[in-house]
Amino acid sequence: MSLFKNQPLKIYNSITKTKELFVPVTEGSVGMYVCGPTVYSNVHLGNVRTFMSFDMVFRYLNHLEYKVRYVRNITDAGHMEDDADEGEDKIAKKARIEKIEPMEVVQRYTLDFHGILEKLNNLPPSIEPTATGHIIEQIEIIKDIVAKGLAYEINGSVYFDVLKYNETKEYGVLSGRKIEDAVHNTRLLDGQSEKKNPQDFALWKKASPQHIMRWSSPWGVGFPGWHLECTAMSTKYLGEKFDIHGGGMDLKFPHHECEIAQAEACNGQSPVNFWMHANMLTLNGQKMSKSTRNNILPGEIFSGENKVLSKPFSPSVVRFFMMQAHYRSILDFSSEALEASEKGYNKLVEALKTLESVQVSQTSSFVVQDWENDCYSAMNDDFNTPILIANLFEAVKHINLLKDGKATLTQIDLDLFTKTLHAFVYDVLGLVTETTEQSSDKLEGVVNMLINMRKQARDNKDWAMSDHIRDELKALGIQLKDNKEGTTFIVE
RNA sequence: GGCGUUGUGGCCGAGUGGCUAGGCAGCGGUCUGCAAAACCGUGUACAGCGGUUCGAAUCCGCUCGACGCCUCCA
């Protein structure tokens with residue numbers, strides 16, 4: 001029997017604002033779509049948090065033995081930079097500045113994106129479609145919406161008629177916005193627009209002469225609107241009704257709201273059962289953003305090259321740090337918080353090593369099943385990774401007691417304990433216990449030689465020499481650890 | 001201005017109408033030549049003011065603060 005059959009999973013649905021029991025459209029299978037990045041510059045850490053959150057969701061669904069199709073797009077056609085502008089998109093602009101082909105920009109930053117996510121141990125999605133690869137599908141959808149009278153063409157551009165749509169459907173179901181308010185609030189700003197109403201959004205934009213990324217369409221040469229690609233690709237690969245749609249909180253409006261309208265317009269039904277939104281990662285209490293320069297690149301964390309950091313941190317520590325907060329909470333980034341996470345993470349890793357050498361007993365002094373249930377309960381409650389991690393630290397406590405002979409486990413219980421622990425740490429949270437000691441054989445040989453020399457000095461009660469070796473190594477970032485079995489070292 | 005989120009002990013960060021979240025730091029202890037590391041033990045905090053309740057940090061109202069969206073943004 002598949003694991004999901006006895007694990008009732010609850011997911012917070014943004015559209016109903018409640019936790020609901022997760023029941024997929026097709027039993028045993030899950031279709032999940034997550035809005036991917038616009039590849040016009042390096043992904044910053046904030047972007048990464050969203051993708052990591054959904055990577056965790058993907059991993060847990062897989063762990064529950066669902067057959068998951070995870071689709072995450074690459075936006076390579078570029079979003080409009082400014083609606084009032086002449087239709088220059090972000091990728092084209094960057095390309096002109098750097099005097100290179102738009103697809104060169106796309107290629108460069110797609111590689112960067114993949115590299116970073118891989119370092120952070122994110123699983124690749126099942127399908128990673130690109131916007132430029134689905135222009136035909138997007139044009140088909142526009143034709144459909146125009147045919148249904150919910151979009152209009154003007155000067156070679158096509159706009160979605162929000163007011164018309166609102167006559168029979170409800171625009172604003174996700175974000176809780178009232179269309180009347182929107183009318184009120186945007187009237188002043190709108191003067192020269194060719195749109196019928198300010199809240200109408202573009203499905204197709206006419207390309208200005210200098211616009212490089214362009215395609216032919218029934219309405220002339222142009223490029224697709226910025227909300228359409230997700231509707232086209234999610235429908236193509238997951239169908240008109242699928243299980244989970246994810247993205248960052250900031251995409252709720254207008255992006256996801258428009259997606260709902262587009263899908264309702266052409267398919268006559270709401271496209272998604274569960275809307276999930278990951279919250280922002282802040283820096284100095286403010287949202288990370290490229291435009292305000294309030295951001296940090298993942299690469300800078302791994303190398304330590306950023307003035308907000310006291311030292312470099314490994315990808316696993318970054319991942320652990322993020323998993324210690326719930327995906328729907330705002331998480332504030334700081335060097336101190338990462339340092340605290342690093343220590344906690346190391347403690348967990350040490351315990352996992354210790355577990356390998358635990359002795360088996362005739363009886364068990366604690367109930368492994370109870371602990372296991374706690375782990376599942378945490379994850380089943382809207383992917384509560386902080387609680388899961390708290391349970392992991394309970395396990396650490398047990399492991400240390402086992403090591404000291406103050407707790408016991410039978411072979412069967414120990415196997416279950418190890419299997420469950422590994423499943424949650426490696427498979428679900430996606431933490432890698434990389435050997436942080438990046439010590440080469442040569443370094444290890446040299447340090448071990450010094451350790452031996454120090455041991456001789458200590459045997460001779462030559463504390464001056466012994467402490468000298470210890471202090472010098474410490475200054476080089478090599479910390480000696482004395483314990484009963486002897487001395488080991490770690491490279492800090 | 002509109003929509004929405006949020007305010008937890010030194011720090012990070014869960015959660016809940018009554019029962020120890022957890023991590024880091026601190027403190028005490030074990031260990032050690034001394035340390036470090038490791039391990040064990042240790043914290044009654046929930047912005048303010050009212051209200052509901054036998055009981056609220058948890059529900060309601062107000063005040064103050066923070067943040068997000070309303071323009072591309074994970």
Side-chain angles (χ1 to χ4, degrees), chain A residues 14 17 34-38 40 43-54 75 78-85 89-90 172 175-178 180-182 184-186 189 199 226 246-255 257 277-282 285-292 295 320-321 324-326 328-334 336-348 350-351 354 374 378 381 384-394 396-397 399-401 403-404 406 458 461-463 466-467 470-471 474 479-484 487-490:
Chain A
S14 298
K17 297 190 174 71
V34 172
C35 294
T38 304
Y40 67 96
V43 260
H44 66 248
L45 235 214
N47 294 302
V48 164
R49 157 126 107 140
T50 298
F51 300 125
M52 198 184 286
S53 295
F54 288 103
T75 297
H79 286 322
M80 294 289 298
E81 194 156 52
D82 185 346
D83 198 24
D85 198 12
D89 79 33
K90 275 186 175 170
S175 56
R177 266 161 232 266
K178 296 267 177 295
E180 300 77 28
D181 298 336
H184 243 78
N185 288 315
T186 35
L189 304 169
Q199 52 278 96
W226 49 109
M249 204 72 106
D250 50 354
L251 294 185
K252 218 170 175 180
F253 187 89
H255 186 60
E257 201 70 76
H277 291 96
N279 218 137
M280 302 291 102
L281 180 71
T282 60
Q286 306 282 133
K287 179 186 174 183
M288 283 196 192
S289 140
K290 266 167 268 201
S291 52
T292 58
N295 73 83
F320 184 74
F321 164 72
Q324 274 185 302
H326 188 93
R328 281 192 291 118
S329 298
I330 291 172
L331 174 63
D332 193 54
F333 179 90
S334 71
E336 298 74 48
L338 265 186
E339 281 172 48
S341 288
E342 184 174 52
K343 288 183 183 167
Y345 174 72
N346 288 150
K347 189 169 166 177
L348 179 63
E350 281 301 316
T354 305
D374 288 345
D381 184 16
N384 200 323
T385 53
I387 298 281
L388 204 221
I389 289 174
N391 286 318
L392 258 28
F393 280 107
E394 280 302 308
V396 169
K397 199 157 281 185
I399 290 169
N400 288 322
L401 289 173
K403 183 185 70 176
D404 294 348
K406 289 173 184 161
R458 293 177 74 197
K461 295 196 182 346
D462 182 357
W463 310 129
S466 148
D467 291 352
R470 181 216 282 160
D471 296 344
K474 174 80 182 166
Q479 188 188 38
L480 298 185
K481 294 182 174 185
D482 293 325
N483 44 53
K484 285 218 172 69
T487 302
T488 57
F489 72 96
I490 56 160

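Throughout, a chain's letter reflects where its sequence line sits, starting with A, and its residues are numbered from 1.
Side-chain N/O atoms of A:Asn400 include one lying less than 4.0 angstrom from OP1 or OP2 on B:C39. When the side-chain nitrogen and oxygen atoms of A:Trp463 are compared with OP1 and OP2 of B:C34, none of them lie within a distance under 4.0 Å. Within the 4.0 Å cut-off from OP1 or OP2 of B:G22, not a single side-chain nitrogen or oxygen of A:Gln324 is found.
For A:Thr487, the side chain to side chain donor-acceptor pair (under 3.5 Å) partners are A:Asp482, not counting sequence neighbours. Taking the salt bridge (charged side-chain N to carboxylate O under 4.0 Å, His left out) definition, one finds that A:Asp381 meets it with A:Lys19, sequence neighbours left out. Here A:Phe54 pairs with nothing under the ring-ring contact (aromatic ring centres under 6.0 Å, His included) rule; sequence neighbours left out. Take A:Thr282 and apply the side-chain contact (heavy atoms from CB on, under 4.5 Å) test, not counting sequence neighbours, and it matches A:Ile330, A:Asp332. Not counting sequence neighbours, A:Tyr40 has no partner by the ring-ring contact (aromatic ring centres under 6.0 Å, His included) test. A:Ser53 pairs by the side-chain contact (heavy atoms from CB on, under 4.5 Å) definition with A:Arg49, A:Ala278, A:Tyr327, not counting sequence neighbours. Residues that satisfy the side-chain contact (heavy atoms from CB on, under 4.5 Å) test with A:Ser329, not counting sequence neighbours, are A:His326. Legend: residues meeting salt bridge (charged side-chain N to carboxylate O under 4.0 Å, His left out) with A:Lys474, ordered by chain and number and at least two apart, are A:Glu492. Shown here are the side-chain contact (heavy atoms from CB on, under 4.5 Å) partners of A:Leu338, two or more places apart in sequence or in another chain: A:Ile301, A:Leu309, A:Phe313, A:Val317, A:Phe321, A:Phe333.
Rounded to a whole Å, the CG atom of A:Asp250 is 5 Å from the C1' atom of B:A74. Counting to the nearest Å, the P atom of B:G13 and the CZ atom of A:Arg49 are 9 Å from each other. We find that CG of A:Asn384 is positioned 11 Å from C1' of B:G13, with the value rounded to whole Å. Atom NZ in A:Lys403 sits about 11 Å away from atom C1' in B:C40, given to the nearest Å. Between the C1' atom of B:G41 and the CG atom of A:Leu401 lies a distance of 12 Å, rounded to the nearest Å. When rounded to the nearest whole Å, the span between NZ of A:Lys252 and C1' of B:C70 equals 13 Å. Remark: P of B:C73 and CG of A:Asn295 are 16 Å apart, rounded to the nearest angstrom.
Note on A:Gly46: a base of the nucleic acid sits closer than 4.0 angstrom, heavy atoms only. Residue contacts shown for A:His277 are absent, as no nucleic acid heavy atom lies under 4.0 Å away. The residue A:Ala278 sits apart from the nucleic acid: no heavy atom pair falls under 4.0 Å. Among the atoms of the strands shown, none is found under 4.0 Å from any heavy atom of A:Gly246. Nucleic acid contact for A:Gln286: sugar-phosphate only, since backbone atoms but no base atoms lie under 4.0 Å from a heavy atom of the residue. Nucleic acid contact class of A:Leu392 (heavy atoms, under 4.0 Å, all strands): none. Within 4.0 Å of A:Lys406, counting heavy atoms only, lies no atom of the nucleic acid at all. Within 4.0 Å of A:Ser175, counting heavy atoms only, lie sugar-phosphate atoms of the nucleic acid but no base atom.
Taking the side chain of A:Lys397 as heavy atoms from C-beta on, and the options B:A74, B:G13, B:C40, the nearest nucleotide is B:C40. Which of B:A21, B:A74, B:C12 sits closest to the side chain of A:Ile387 comes down to B:A21.
Contact annotation: side chain of A:Ser329 to base of B:G13, donor-acceptor pair absent below 3.5 Å. Donor-acceptor pairing under 3.5 Å, judged by distance alone, is present between the side chain of A:Lys287 and the base of B:C73. The base of B:G15 has none of its N or O atoms less than 3.5 Å from a complementary donor or acceptor on the side chain of A:Asp381.
Counting heavy atoms from C-beta on, the side chains of A:Trp463 and A:Lys461 come closer than 4.5 Å. With contacts defined as side-chain heavy-atom distances shorter than 4.5 Å, the pair A:Val396/A:Leu348 qualifies.
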Report each atom pair, protein N/O against N/O of nucleotides 24-29 of chain B, whose distance is under 3.5 angstrom.
unit_1	atom_1	unit_2	atom_2	d
B:A25	OP1	A:Lys343	NZ	3.3

Between protein and nucleic acid, restricted to nucleotides 35-37 of chain B and to nitrogen or oxygen atoms under 3.5 Å apart, what atom pairs and distances do you find?
unit_1	atom_1	unit_2	atom_2	d
B:A35	N6	A:Asp482	OD2	2.5
B:A35	N1	A:Asp482	OD2	3.3
B:A35	N3	A:Arg470	NE	3.4
B:A35	N3	A:Arg470	NH1	3.4
B:A35	N3	A:Arg470	NH2	3.2
B:A36	O2'	A:Gln479	NE2	2.7
B:A36	N1	A:Asp482	N	3.2
B:A36	N1	A:Asp482	O	3.0
B:A37	O2'	A:Lys481	NZ	3.4

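Atom name C1', nucleotides B:U71 and B:G65: the rounded distance is 27 Å, in whole Å. Distance noted for atom C1' between B:G29 and B:A37: 16 Å (whole Å). Between B:C40 and B:U8, the two P atoms lie 29 Å apart (nearest whole Å). Taking atom C1' on both B:G22 and B:G9, the two are 14 Å apart, rounded to the nearest angstrom. Taking the P atoms as reference points, B:G10 lies 34 Å from B:G1, given to the whole Å.
For RNA chain B, runs of at least 3 consecutive pairs of the Watson-Crick or G-U wobble type, with both hydrogen-bonding distances under 3.5 angstrom, map to B:1-7 with B:64-70, B:10-12 with B:22-24, B:26-30 with B:38-42, B:47-51 with B:59-63.
Taking each heavy atom of A:Ile387 and A:Ala378 in turn, the nearest pair found is CG2-CB, 3.4 Å. Heavy atoms only, all atoms of each residue included: A:Asn391 and A:Asp374 are closest at ND2-O, 3.3 Å.
Aromatic ring orientation, A:Phe320 versus A:Phe393: perpendicular (interplanar angle above 60°, classes split at 30° and 60°).
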